[in-house]
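Everything below concerns the one structure shown next.
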Amino acid sequence: METLLPVGDVELCVDTVGSPADSALLLIGTTVASWDDELVERLTGRFVIRYDLRDAGRSTTVDPDSPGYTLRDLVTDAVGVLDGLGIARAHVAGLATSGFIAQLLALDHPSRVASLVLVGTRPVAPGPADHDLPEHSPAVMAHFGSAPPIDWTDRTSILDGAVAAARVLSGSPRFDPAEARAHAARVLDRSGPHPASARAGLMSTVFSKLDCTPRWRERLREVTAPTLVVHGEADPFFPVGNAEALAEEIPGARLLVLEGVGAELPRRAHAEVATAVLEHTAR
């Protein structure tokens, strides 16, 4: 069920699947479509909540290229989603750059987080990584430095560009272009009329423009929620060393490395990821 939920001075588009009587599982991505329906369907026995961030999808959009808010405001939004649904405590999963929101939610609002799942993310904000963390691969940097420009007013150009980027980010010979195109189309179909809306949904560009200070990596030992770190072994965007750092620095965290998977959650990994999340959130 999808609804527009007032949160502070914005409206966030929230989608729920399952029974409110079950344990709540908040999946944080850039948009609802960041987490594929096929994966959500495997999370049986959980009340699954997804939502579009500000300036993405069907939530309030002002200007994704010049956000008038900070990363901490996005954390407050996540709390507002739980409040609006009457949920005191939820299992929380953060995907890619939205993993920053999940980490800070666990640090700044520990009573609201029953357990934490971090998928394909890292412990520092956009920008140069810490010296001990692996940076984006040369192939990723070369692609985004030389890829043909996308016409963000043309659906075919947008989807062609999204598939080309997904191919590089997969880091795997098992890349499925049809699956990547279908995923990009679902994200695109949630985009609003703002010229930058599609780019924000597909590329999470708003994170590179946010004030993400202060740092939080040095606080990771304060995380009290049981934590599962899930990461693609072939991820060229946030290489797996970032996941190893998260698992080492969060007390008691467990690391699941997905063989042959990159910066993605492809259909072939859904069963393994869903099983791990269900087991983790049942503890």
Side-chain angles (χ1 to χ4, degrees), residues 1-62 64 73-102 105 112-121 162 179 182-194 197-198 200-204 206-207 230 264-267 269-270 273-274 277-278 281:
M1 182 176 71
E2 192 169 288
T3 185
L4 282 174
L5 188 67
V7 176
D9 59 350
V10 300
E11 286 188 320
L12 300 180
C13 187
V14 178
D15 177 85
T16 59
V17 176
S19 170
D22 290 330
S23 297
L25 172 58
L26 179 65
L27 303 180
I28 309 176
T30 304
T31 77
V32 167
S34 298
W35 299 88
D36 283 349
D37 291 343
E38 297 93 330
L39 175 59
V40 170
E41 289 168 4
R42 291 178 178 271
L43 298 172
T44 53
R46 302 292 178 270
F47 181 50
V48 179
I49 306 156
R50 296 175 289 176
Y51 68 100
D52 297 328
L53 300 183
R54 303 185 191 200
D55 281 334
R58 297 169 186 166
S59 291
T60 295
T61 297
V62 178
D73 291 323
L74 296 184
V75 177
T76 301
D77 286 351
V79 174
V81 169
L82 296 180
D83 287 344
L85 295 174
I87 296 170
R89 199 162 182 252
H91 303 283
V92 175
L95 175 63
T97 46
S98 293
F100 307 156
I101 300 172
L105 187 58
R112 309 302 297 270
V113 180
S115 73
L116 182 63
V117 181
L118 301 173
V119 184
T121 190
E179 181 182 344
H183 174 81
R186 289 192 292 272
V187 175
L188 179 59
D189 288 342
R190 295 193 68 82
S191 299
H194 192 285
S197 183
L202 285 164
M203 302 178 67
S204 301
V206 71
F207 282 92
V230 180
E264 55 183 346
L265 273 182
R267 189 174 294 115
H270 286 178
V273 171
V277 170
L278 288 172
T281 56

Checklist entry - So L53 and D77, side chain to side chain contact (heavy atoms under 4.5 Å, CB included) or not? Walk me through it. => result CA-CA 8 Å; L53 300 183; D77 286 351; over 6 Å; no

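- No donor-acceptor pair closer than 3.5 Å links the side chain of R46 to the backbone N or O of V40.
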Checklist entry - Should D36 and R186 be marked as a side chain to side chain contact (heavy atoms under 4.5 Å, CB included) after you check the CA-CA gap, both sets of side-chain angles, and the distance that decides it? => result CA-CA 9 Å; D36 283 349; R186 289 192 292 272; 3.2 Å; yes

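- Residues F100 and L74 form no side-chain contact, since every pair of their non-hydrogen atoms from C-beta on lies 4.5 Å or further apart.
- What you find for L118 and A102 is that their closest heavy atoms are CD2-CB, 3.9 Å.
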Donor-acceptor pairs under 3.5 angstrom involving side-chain atoms of residues 9-17: please list them, not counting sequence neighbours.
from, atom 1, to, atom 2, distance (Å)
D15, OD2, R50, NH2, 3.1

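- In this structure the side chain of E2 reaches within 4.5 angstrom of the side chain of R58, judged on heavy atoms.
- The distance from atom CZ of R112 to atom CG of L82, rounded to the nearest 0.5 Å, is 5.5 Å.
- With rounding to the nearest 0.5 angstrom, the CD1 atom of I28 is 9.0 Å from the CH2 atom of W35.
- In this structure, S115 and H91 approach most closely via the heavy-atom pair OG-ND1, 2.7 Å.
- Heavy-atom minimum distance, S98 versus G29: OG-C, 3.1 Å.
- The shortest heavy-atom contact between T61 and H194 is CG2-CB, 3.9 Å.
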Next on the checklist: With side chain to side chain contact (heavy atoms under 4.5 Å, CB included) as the criterion, how do L85 and V81 come out once you've worked through the C-alpha distance, each side chain's angles and the decisive distance to 0.1 Å?
Outcome noted: CA-CA 6 Å; L85 295 174; V81 169; 4.2 Å; yes

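- Residues T30 and A56 share a closest heavy-atom pair of O-CB, 3.6 Å.
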Next on the checklist: Checking S59 against R54 for the side chain to side chain contact (heavy atoms under 4.5 Å, CB included) test, could you report, in this order, the C-alpha distance in whole Å, the side-chain angles of both residues, the deciding distance, and whether it holds?
Outcome noted: CA-CA 6 Å; S59 291; R54 303 185 191 200; 5.6 Å; no

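- Not one N or O on the side chain of S197 forms a donor-acceptor pair closer than 3.5 Å with the backbone of P193.
- R42 and L278 make their closest contact through O-CD1, 3.5 Å (heavy atoms, listed as atom of the first residue, atom of the second, distance).
- Here L39 contributes atom CG and E41 contributes atom CD; the two are 9.5 Å apart, rounded to the nearest 0.5 Å.
- Partners of R267 under the side chain to side chain contact (heavy atoms under 4.5 Å, CB included) rule, at least two apart in sequence or in another chain, are E38, E179, H270.
- Checked by atom type and distance alone, the side chain of T3 never pairs as donor or acceptor with a backbone atom of L5 at under 3.5 Å.
- How far OG1 of T31 is from OH of Y51: 11.5 Å, rounded to the nearest 0.5 Å.
- To the nearest 0.5 Å, atom CG of residue L27 and atom CG of residue L95 are 9.0 Å apart.
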